[in-house]
Number of protein chains: 2
Amino acid sequence: MTSSTVEDYLKCIYLIQTRSTDPISTGLIASQLKVAPGTATAMMKTLSESGLITYEPYRGVRLTQAGSKLAAHVLRRHRVIELFLVEVMGLNWSDVHSEAELLEHAVSELVLDRMDEMLGRPSVDPHGDPIPSPRGVLREKEYPSLISCPLGGLLKVVRVTDQSANFLRLLERHGIMPGKEVEIASREDAADSVIVRSSSGKALHLGFRPAASILVEPGE
Amino acid sequence: MTSSTVEDYLKCIYLIQTRSTDPISTGLIASQLKVAPGTATAMMKTLSESGLITYEPYRGVRLTQAGSKLAAHVLRRHRVIELFLVEVMGLNWSDVHSEAELLEHAVSELVLDRMDEMLGRPSVDPHGDPIPSPRGVLREKEYPSLISCPLGGLLKVVRVTDQSANFLRLLERHGIMPGKEVEIASREDAADSVIVRSSSGKALHLGFRPAASILVEPGE
DNA sequence: TACCAAATTTTGACATGTCAAAATATTACA
DNA sequence: TGTAATATTTTGACATGTCAAAATTTGGTA
Ligand SMILES: [Mn+2]
Ligand SMILES: [Mn+2]
Ligand SMILES: [Mn+2]
Ligand SMILES: [Mn+2]
């Protein structure tokens, strides 16, 4: 029914909509999906005619109920698959995103439910990203990041929002992953620098951009 | 690189080629893949230009080395995935064919190898179909079927070539699956009838067509 | 308020797969 | 050996996604 292309557009819009409620520009969608601006515009017309988004030319788009539900299901598949690849198949958390990007369009509801069951109905994926419920509800918790959390004391890593494979591998080498504990050794605005100490003992030097993508739970 | 459409065409040709060596008509390919005759002809030109088949108009096609290798890999993926779905995910053998038909185009070499490893490098899929090696070699064993095997004595089911879901479910209800033992209670050419007794005790009445799709190993 | 730079949409083109129906080739048989 | 039934190919059309480049709109600035 809905092509994998349409699914990717919907998922993209959904993810952007997660972070703010104003209408989303076609240009942003185009850059996220790495297509030409005109390509995104053309697709917005298609989605609009299918009742999956509302589209006001030059103003932007919003998902409808129907579009939102569909997108949430695609995202659910994506994240369950990622976790399955890590937990059951033993893949590295840095590799699963690109695998899931394809598999999310090929896995049936039956297979997805079996994965979900084998994983014990999990609520977050290997990166700490929340998994939409089978009914399509996404519960985004608010967490501080390494640049917004209070200094001093142990922090539990709960989520890493920068999914680039190289970055994830770097973090893994330093033992920085959801569930692990870290401590901020120093943080200096002017120097755009955060130094994190992980339980591995090693200190990791990060700029503010990457540091902001590591979300933590302040010490219990 | 190669689209899932091309992969399905190659796999189709490959499967037909395992049963006879003469050139394969575009009409047969079209009917197998449920596309219009002209559609298959158009694709034959594409495949031919890509060097994946040799094509003589009105005569038929043959896979080249390159095409054969590609097709064997698609078939390998298909069969490993089927077995994974049955053994690891707990799906029924009647459901996995259609699932694998999609997944075979979405699973990476990395994930496939993990599946293969978890399954202990298997040589046959849930239907007893042989799995091509990682290098693309397919070893088809010759087995007699319920209409060609000798009468009397126990027979071990080794393969079921009719993959229709309803038929497979019927067989399962009667305990007829690869690895199980059966016995031919009666076989009558003129009546187009084979009566099989399985270890479940129940007798199953089959016509010659379905009976021919059940391959067996004569009692040791 | 008029203009300009940036963003967006439109246009024209192309690639891939598909079909229905017309044209053509093959083959069986009369 | 000629013809007719059958299979195959060709033709013209369409659906989906994509791009480059031209045209248009928007919103800020002079
Ligand atoms: Mn995707
Ligand atoms: Mn993730
Ligand atoms: Mn397929
Ligand atoms: Mn099979």
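Only this structure's heavy atoms are used, side chains among them; waters, hydrogens and symmetry mates stay out. Residue numbering restarts at 1 for every chain, and letters A, B, ... go by the order of the sequence lines.
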By the 4.0 Å heavy-atom rule, please label [X] as base, sugar-phosphate, or nothing.
X: A:Gly27; result: sugar-phosphate
X: B:Thr26; result: sugar-phosphate
X: B:Ser3; result: sugar-phosphate
X: B:Thr46; result: nothing

Enter the distance from [X]:[atom1] to [Y]:[atom2] here, rounded to the nearest 0.5 Å.
X: A:Gln17; Y: A:Ser68; atom1: CD; atom2: OG; value: 6.5 Å
X: A:Ile29; Y: A:Asp8; atom1: CD1; atom2: CG; value: 12.5 Å
X: A:Lys69; Y: A:Tyr14; atom1: NZ; atom2: OH; value: 12.0 Å

Counting distance only, does the side-chain N/O of A:Arg76 pair as donor-acceptor with the main-chain N or O of A:Ile131 below 3.5 Å?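 No, A:Arg76 side chain to A:Ile131 backbone: no donor-acceptor pair under 3.5 Å.
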
Just how far, in rounded Å, is P of D:dT6 from CG of B:Leu28?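 About 18 Å, once rounded to whole Å.
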
Between D:dA7 (C1') and B:Ile29 (CD1): distance, integer Å: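 It is 14 Å, rounded to the nearest whole Å.
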
Distance-only donor-acceptor pairs under 3.5 Å for side chains of residues 39-60 of chain A, two or more places apart:
{"from": "A:Thr41", "atom 1": "OG1", "to": "A:Pro37", "atom 2": "O", "distance (Å)": "3.3"}
{"from": "A:Thr46", "atom 1": "OG1", "to": "A:Ala42", "atom 2": "O", "distance (Å)": "3.3"}
{"from": "A:Ser50", "atom 1": "OG", "to": "A:Thr46", "atom 2": "O", "distance (Å)": "2.9"}

Where chain B begins and ends its contact with DNA chain C, read 5' to 3' at 4.0 Å from heavy atoms: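 Listed 5' to 3', the contact boundaries are C:dG17 to C:dT27.
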
Could you check A:Pro57 against A:Val6 and say which one's nearest nucleotide on DNA chain D is further toward the 5' end?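 Residue closer to the 5' terminus by nearest nucleotide: A:Val6.
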
Closest-nucleotide mapping onto DNA chain D: is A:Thr5 or A:Arg59 further toward the 5' terminus? I mean the 5' end.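 Looking at DNA chain D, the more 5' nearest nucleotide goes with A:Thr5.
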
In this structure, is the centre-to-centre distance between the rings of A:His127 and A:His97 below 6.0 Å?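 Ring centres of A:His127 and A:His97 not closer than 6.0 Å.
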
Please determine whether a side-chain nitrogen or oxygen atom of B:Tyr58 lies at a distance below 4.0 Å from atom OP1 or OP2 of D:dT6.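 Indeed not, no polar side-chain atom of B:Tyr58 lies that close.
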
